[in-house]
2 protein chains.
Amino acid sequence: MSSPKSATVEPVNPDLAPIEQQAAGFEAVREARRSETAEDYVELIDDLIKAMGEARVVDVAARMGVSHATVNRILARLSKEGLVNTQPYRSIFLTEAGADLAQQSRERHRIVVEFLCALGIDEATAERDAEGIEHYVSTETIEAFQTWTGKLAK
Amino acid sequence: MSSPKSATVEPVNPDLAPIEQQAAGFEAVREARRSETAEDYVELIDDLIKAMGEARVVDVAARMGVSHATVNRILARLSKEGLVNTQPYRSIFLTEAGADLAQQSRERHRIVVEFLCALGIDEATAERDAEGIEHYVSTETIEAFQTWTGKLAK
DNA sequence: TGTACAATGTAGCCTAGGCTACACATTGTG
DNA sequence: CACAATGTGTAGCCTAGGCTACATTGTACA
Ligand SMILES: [Mn+2]
Ligand SMILES: [Mn+2]
Ligand SMILES: [Mn+2]
Ligand SMILES: [Mn+2]
């Protein structure tokens, strides 16, 4: 702005994280965001199959709160990625990889919800927050959540 | 799939959340995702101004781990939304709204990091996880985090 | 058995946020 | 003062994930 611009090299400053470390952090978040949709879809599809015997586009759309056109588009991607199998006008199936991902996702989801509840959050709020948080917790943090859920319950 | 498709009406099933509630939950997550970029950018811009006297496109790009073209594109949006002021070839300024959002974001970020650390997570991991989690915690949960950080410290 | 209606598929549009390549401005230095 | 290096702007491309509108298929029931 006003004063002459300093060389690019490095801060003259205090208290900022190392550049590469901060960039890696944001990159990790973007990476997690990339898997978010896939995780939520396979988890929901698995839930529907378990509860209703089959997963239909129209039900996935209603529960995700999006149009069926959006669901179709996302299913095409998941299919390309080997997570679901679809045939025209048939209901949706999970591949083995898809079923595995669904199980892991459900497990992580459960751990986050139970932890938040153990903290005293009401269940509806815990459920809502978990739906976002679940995709951004590292393995270490998930394990800490599990541990603390036990301790806090006492 | 195999058996005749049942009427749309409603499950014949157990243990699934109410449709509208689940859809509202996913919608809330999508809503949070919309503000994520804005929050991270104004927070970073504010940090840079505080630490280095000014926020330059090239430094934002390096710390976000993206190209400067991406930063310019996002700044155009933030400007349209009244969070930043930019003039060609000048460094970036926050509007009052932008500065307010930055402060709130930094505060939430701090609370999440401190909570995770109190749980025993190492600081680098806490910092990484917080960068994602911070955008998906409700007010209730943030307050619970604050409360528990005190208690766990003891 | 026809046919209306529900479900599915698809085309075309939009925004956000990535990228590279290239053009232009600013600035520090020889 | 010129000019190379650095920083900034922008065009054009891409993918993801939203939408509506319309076409097609499958199913239920009159
Ligand atoms: Mn989720
Ligand atoms: Mn989930
Ligand atoms: Mn963040
Ligand atoms: Mn942050």
Side-chain angles (χ1 to χ4, degrees), chain A residues 1-10 23 26-41 44-45 48 52 54-81 83-84 86-93 135, chain B residues 1-10 23 26-41 44-45 48 52 54-81 83-84 86-93 135:
Chain A
M1 59 158 305
S2 39
S3 51
K5 305 202 171 178
S6 62
T8 252
V9 284
E10 253 308 85
F26 283 119
E27 176 52 42
V29 173
R30 287 192 294 272
E31 174 61 29
R33 191 156 46 212
R34 259 168 247 139
S35 355
E36 199 173 332
T37 306
E39 291 171 8
D40 285 338
Y41 272 74
L44 175 55
I45 289 165
L48 287 170
M52 313 217 286
E54 63 176 352
R56 302 185 309 163
V57 171
V58 72
D59 294 322
V60 171
R63 298 198 102 92
M64 292 299 291
V66 299
S67 74
H68 81 274
T70 295
V71 172
N72 271 331
R73 161 153 328 186
I74 288 170
L75 288 177
R77 174 169 80 85
L78 299 185
S79 173
K80 202 165 53 184
E81 292 173 0
L83 295 171
V84 305
T86 59
Q87 298 120 2
Y89 298 99
R90 302 279 89 132
S91 74
I92 310 155
F93 293 90
H135 310 284
Chain B
M1 58 160 302
S2 40
S3 52
K5 307 203 171 176
S6 61
T8 252
V9 285
E10 253 309 87
F26 283 119
E27 177 52 41
V29 172
R30 286 192 295 272
E31 174 61 29
R33 190 153 52 212
R34 260 168 246 138
S35 355
E36 199 173 334
T37 306
E39 291 171 8
D40 285 339
Y41 272 73
L44 175 55
I45 289 165
L48 288 170
M52 313 217 286
E54 63 176 352
R56 301 186 310 163
V57 171
V58 71
D59 294 321
V60 172
R63 298 198 102 92
M64 292 298 296
V66 300
S67 72
H68 81 275
T70 295
V71 172
N72 271 330
R73 159 150 332 182
I74 288 170
L75 288 177
R77 175 168 80 84
L78 299 185
S79 172
K80 201 166 56 181
E81 292 173 0
L83 294 171
V84 305
T86 60
Q87 296 119 3
Y89 297 97
R90 302 279 88 134
S91 74
I92 310 155
F93 293 89
H135 310 284

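Proteins come first, then strands; the chains are lettered A, B, ... in the order of their sequence lines, and each starts at number 1. This is a predicted model, so every value here is computed, not measured.
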Salt bridge flag under 4.0 Å for residues A:Arg33 and A:Glu36: no
Nucleotide D:dC19, atom C1' - distance to CZ of B:Arg34 in whole Å: 12 Å
Length of the line joining B:Glu31:CD and D:dG17:P, which is rounded to integer Å: 17 Å
Nearest-angstrom distance from the residue atom OH of A:Tyr89 to C1' of C:dG9: 5 Å
Nearest-Å distance for atom pair CG/P, residues B:Leu78 and C:dG17: 8 Å
Length of the OH-P vector between B:Tyr41 and C:dA16, whole Å: 13 Å
Value in whole Å for how far the P atom of D:dG17 lies from CD of A:Glu39: 12 Å
Those residues that, when tested against B:Ser35, pass side chain to side chain contact (heavy atoms under 4.5 Å, CB included) (two or more places apart): B:Glu39
Length of the line joining A:Lys80:NZ and D:dC14:P, which is rounded to integer Å: 13 Å
Note, A:His135 side chain near B:Val29 side chain (heavy atom, < 4.5 Å): no
Derivation of the side chain to side chain contact (heavy atoms under 4.5 Å, CB included) call for A:Leu75 and A:Ile45: CA-CA 11 Å; A:Leu75 288 177; A:Ile45 289 165; 4.0 Å; yes
Contact summary for A:Ile92 and A:Val57, nearest pair of heavy atoms: CD1-N, 4.0 Å
Test item: B:Thr70 and B:Met64 side chains (from C-beta on) under 4.5 Å apart, heavy atoms: no
Nucleotide D:dT6, atom P - distance to CG of B:Asp59 in whole Å: 14 Å
Sub-4.0 Å heavy-atom contacts from residues 67-77 of chain A onto DNA chain D, ordered by number: A:Ser67, A:Ala69, A:Thr70, A:Arg73, A:Ile74, A:Arg77
Touch class at under 4.0 angstrom, heavy-atom based, for B:Arg30 against every strand present: sugar-phosphate
